[in-house]
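Note sheet for the following structure.
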Amino acid sequence: NWSEAFQTAGNYLLVALATISLTWRSMTLLFRTNNINDVLFECIRTIMIVGFFMWVMNNIDAVLTPIVRGFQDLAGLAGGNSDVSASGMITNGTKAVSAIFDTIKDGLFGVELSADTLLKVAVAGAIMVLFVFVAVNLLLVTVSLYFIIYGGVILLALGGSDWTRSSALNYINAILAGGVRYMAMVLMASMTDGVFQSCLDDFTASSGVETWMPLFSLLTAAIVVFLLITKLPDQLAALVSHIGSGTGVSATGFAAATGI
């Protein structure tokens, strides 16, 4: 409901900017060329551009939101698991900690804790912290993406003027970059979930001295999950958003190529 306020304000702002821009451009063309055809062309061009941005602004759920869902579905299809969430990451960390504590529960409440027990507690804590960071990152990306879509929709109104149109295109570009980032996080989480579960099963099946190698394999898998999910998505999003990248097509370049 709160997005409707942004949409209403955006519609007024879009029309106001388009009116100012059209008046300025028409007067400039009349004085420069004295050709009514140029003015008519400018009017038709402005109406088409304003219509496009107004249509997108008033149909967010039908235009922009499906883009994000499409990226998520594509990642789930490619990774084999579309049910990726922050709570799922916390669950994975909890399972690992529970499995580790099951191996040390007898010596955990003794008068003196052995070095083995302390080391396993430290590993369990590290794994839990890593998965908490992964869950927080996933949650922040999800929340910020939908806030940009619904809260930043007023930026589409800036498409009504030649002077501010690049900001509207940057808004669409930001949504695409956020969708790619979210897709990469879901894909990495889906692909690494099987590896982590396999390491967890190996640790659960081990006993005695044989638990150390599976334990460190479990810690390594958690570190890999953390690095892939928190680092790689930003690099892929940079290819779309043109942030930190020397290649790509900027919003200004797109506007110039399409004549808007």
Side-chain angles (χ1 to χ4, degrees), residues 1-74 141 144-183 236-260:
N1 293 332
W2 57 268
S3 65
E4 294 179 359
F6 290 99
Q7 289 175 323
T8 302
N11 285 324
Y12 286 114
L13 180 60
L14 178 62
V15 173
L17 289 175
T19 302
I20 295 172
S21 178
L22 178 59
T23 303
W24 179 268
R25 291 276 297 177
S26 299
M27 292 177 61
T28 303
L29 289 172
L30 280 175
F31 283 110
R32 182 181 300 171
T33 64
N34 196 26
N35 189 344
I36 192 64
N37 291 332
D38 292 337
V39 178
L40 290 176
F41 171 78
E42 187 64 27
C43 291
I44 295 174
R45 171 178 172 271
T46 301
I47 291 173
M48 292 177 63
I49 294 172
V50 171
F52 169 75
F53 283 110
M54 185 171 290
W55 172 70
V56 174
M57 187 186 306
N58 292 293
N59 294 275
I60 303 176
D61 291 329
V63 180
L64 298 180
T65 306
I67 294 177
V68 178
R69 292 174 181 168
F71 280 125
Q72 180 183 7
D73 293 341
L74 179 60
V141 168
S144 63
L145 182 56
Y146 280 93
F147 180 80
I148 289 174
I149 292 177
Y150 291 99
V153 67
I154 194 172
L155 295 177
L156 286 173
L158 300 178
S161 172
D162 294 335
W163 307 309
T164 57
R165 189 162 299 137
S166 60
S167 297
L169 294 174
N170 285 335
Y171 165 75
I172 298 176
N173 206 24
I175 294 176
L176 292 176
V180 169
R181 181 183 289 108
Y182 188 60
M183 177 190 69
L236 292 178
L239 299 177
V240 179
S241 62
H242 198 41
I243 298 175
S245 171
T247 60
V249 181
S250 64
T252 304
F254 174 78
T258 55
I260 63 175

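This is a predicted model, so every value here is computed, not measured. Residues: numbered from 1 along the sequence shown.
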Applying side chain to side chain donor-acceptor pair (under 3.5 Å) to Thr65 and Tyr150, what does each step give before you reach the verdict?
CA-CA 9 Å; Thr65 306; Tyr150 291 99; 3.1 Å; yes

Would you say Ser26's side chain and Leu22's backbone share a donor-acceptor pair under 3.5 angstrom?
yes

Less than 4.5 Å apart, side chain to side chain, heavy atoms only: is that true for Val15 and Met54?
yes

Apply side-chain hydrogen bond (donor to acceptor under 3.5 Å, both in side chains) to Ser144 and list each qualifying residue two or more places apart in sequence or on a separate chain.
none

Are the side chain of Asn173 and the backbone of Leu169 linked by a donor-acceptor contact shorter than 3.5 Å?
no

Rounded distance [0.5 Å steps], CG in Leu176 versus CE in Met183
11.0 Å

Just by modelled atom types, is the Met57 backbone N or O under 3.5 Å from a matching donor or acceptor in the Gln7 side chain?
yes

Do Trp163 and Leu17 have side chains that approach each other closer than 4.5 Å (heavy atoms only, starting at C-beta)?
no

Does a side-chain heavy-atom distance below 4.5 Å link Ile175 with Ile149?
yes

Smallest separation among heavy atoms of Ala237 and Ala177, with atom names
CB-O, 3.5 Å

Search all heavy atoms of Ile148 against all heavy atoms of Tyr171 and return the closest pair with its distance.
O-CE1, 3.1 Å

Knowing that exactly one of Ile49, Val50, Val56 qualifies, which makes a side chain to side chain contact (heavy atoms under 4.5 Å, CB included) with Phe53?
Ile49

The criterion is side-chain hydrogen bond (donor to acceptor under 3.5 Å, both in side chains); which residues satisfy it with Asn59, sequence neighbours excluded?
none

Can you find a heavy atom in the side chain of Phe6 that is under 4.5 Å from one in the side chain of Ile60?
no

